[in-house]
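Structure record follows, encoded as structure tokens.
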Protein chains: 2
Amino acid sequence: MAPDLRLSAAVTVDLVVLAVRDDALQVLMVRRGTAPYAGRRALPGGFVEADEDLLQAARRELLEETGVRLGRAHIEQLRAYGSPRRDPRGRVVSVAHLVVLPEASVPSAGSDADAAQWQPVHDLLAAPRKLAFDHATILRDAAQRVEDALEDSALATRLCRAPFTVAELRAVYEVVWDQELDARNFHRKMTGTPGLLVDTGRVTTRNGGRPAALFRPGRTTRLNPPLVRG
Amino acid sequence: MAPDLRLSAAVTVDLVVLAVRDDALQVLMVRRGTAPYAGRRALPGGFVEADEDLLQAARRELLEETGVRLGRAHIEQLRAYGSPRRDPRGRVVSVAHLVVLPEASVPSAGSDADAAQWQPVHDLLAAPRKLAFDHATILRDAAQRVEDALEDSALATRLCRAPFTVAELRAVYEVVWDQELDARNFHRKMTGTPGLLVDTGRVTTRNGGRPAALFRPGRTTRLNPPLVRG
DNA sequence: CCAAAAGTGTTTACCCTACACCCATGT
DNA sequence: ACATGGGTGTAGGGTAAACACTTTTGG
């Protein structure tokens, strides 16, 4: 490395892994074993290796710390956090990533992974001081992005395990927005958006009542016009 | 700094400073004097200092490299760029920021600033290889964000020097979107959104014709429902 | 048959587009 | 007077909210 390059900081990736479980938006958290913030809950994450992309680092840390292998699941960069005092050990700039998994994905399994546990986002944000570093801020930003993304993107389809019914998709919206939606208008909106949902031709009665069509996510990624919150 | 902290990378901030000039969206670029990419155009930016926030670093670099002092102008983080080979000198993670200035702001003045020049975004994106590092990618992402932001935010009001007329605001949209808008419907939309524009009570005839009311940006930051592109 | 969930139809209200039209200035 | 841009009125179309109603299962 050239001598004029100042190695000014450590660079980490942090992961906000979200899924809907038990009618709540939940996040995968680990328990810190060492100082600083020993014993506190923290977002999974770690240092970026020398030859890694930020996204590659995020995938590797996710696997190492939680045992979750990212298949087709959604991942995107959230933003960078670089307040000088966010880590008492020194200057650490963290690039936070948002991962969205279908319901009922791996709760936790593996070596490092035993420490990983699902927690309701709402509970954690109600007691932000209990989280390590500035992870409450990161979590808040991630939750906000998901809420906003549901309005005009197909992100909700990534929170459902395929194949899913329209009602199951609606349940995701209702949990994330904490708001009831009209089942009939929602149905029209989703099935009426070309390319958003692909009908598998199969049906299910797992939710009771009349059999419901089963869908998988389609190619359309934008919801236009958006679905607006009350 | 604690010994277990790996100083894995240099952290920089890059700045995408945008303004509308001469009926085009333009960006403030500097000419690199030293290798790598000597002679190429690059986004202003530089290393983050030890005790600085990322936003503080962005403000400082903006002032140092371009002489632009950010008053009430809009600044936001765009995203982090961390490909391992984006800088041939070694591992450099850059956190890009988007700055939006009103038209006719400081072209260039000051010491370092002499190198800073306004360039049409469109021209630079047409020849991406002429830019240093991955700055064409960053510029493209920034331009995309501005285009999208005009749909549902008050960002356009920050691209106008206050006080401005509705027609001047519309000109911003037409330049950024490269699309003509109906002046009458646009007028209704903007003046009809509560809190978006504050009437100063003054008028101007600088654009000819009937005197136009002069506005300043209001408190409303969201445009709801959005203004959609054709 | 009844409950429950899926899906369709219909009404109403709102908003957007398109364009006719009037207003207030400079020349 | 007339050209130019500022601003308002209004008719038609499309989409969404609200809700009545039908469909298809399980018990």
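Not measured: the values here are computed from a predicted model. Chain letters run A, B, ... following the sequence lines, proteins first, then strands; residues in each count from 1.
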### Interface limits on DNA chain D, where chain B has a heavy atom under 4.0 Å of a nucleotide atom
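Span of nucleotides near chain B: D/dT4 to D/dT10.
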### Query
Reckon B/Asn207 touches a base, only the sugar-phosphate, or nothing at all at heavy-atom distances under 4.0 Å?
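B/Asn207: backbone/sugar contact only, no base atoms under 4.0 Å.
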### Task
Please name the pair of heavy atoms, one in A/Arg40 and one in A/Leu131, separated by the smallest distance, quoted to 0.1 Å.
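Looking at all heavy atoms of both residues, the shortest contact is NH1-O, 3.5 Å.
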#### Entry: Closest heavy-atom pair and its distance - B/Ala132, B/Arg32
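That closest heavy-atom pairing would be CB-CD, 3.7 Å.
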### Query
Any cation-pi pair here, A/Arg79 with A/Tyr81, using under 6.0 Å and within 45°?
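The answer is yes; both the distance and angle limits are met.
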### Query
Counting only N and O atoms by type, is there a donor-acceptor contact under 3.5 Å from the side chain of A/Thr200 to the main-chain atoms of A/Leu214?
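Side chain of A/Thr200 to backbone of A/Leu214: a pair is present.
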Heavy atom of [range] under 4.0 Å from DNA chain D: which residues?
range	answer
residues 165-177 of chain A	none
residues 214-229 of chain B	none
residues 183-204 of chain B	B/Arg184, B/His187, B/Arg188

### Task
Scan for salt bridge (Lys or Arg N to Asp or Glu O under 4.0 Å) pairs involving residues 207-230 of chain A, sequence neighbours excluded, and state none if there are none.
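Applying salt bridge (Lys or Arg N to Asp or Glu O under 4.0 Å) to every pair that reaches into residues 207-230 of chain A, excluding sequence neighbours, yields A/Glu147-A/Arg229, A/Asp148-A/Arg229, A/Glu151-A/Arg229, A/Asp152-A/Arg222.
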### Query
Looking at side-chain heavy atoms only, is the closest gap between B/Leu43 and B/Leu15 below 4.5 Å?
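They are not in contact (no side-chain heavy atoms under 4.5 Å apart), so the answer is no.
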### Task
Using chain B heavy atoms and a threshold of under 4.0 Å, write down where along DNA chain C the contacts begin and end, 5' to 3'.
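Range of nucleotides within reach of chain B: C/dC16 to C/dT25.
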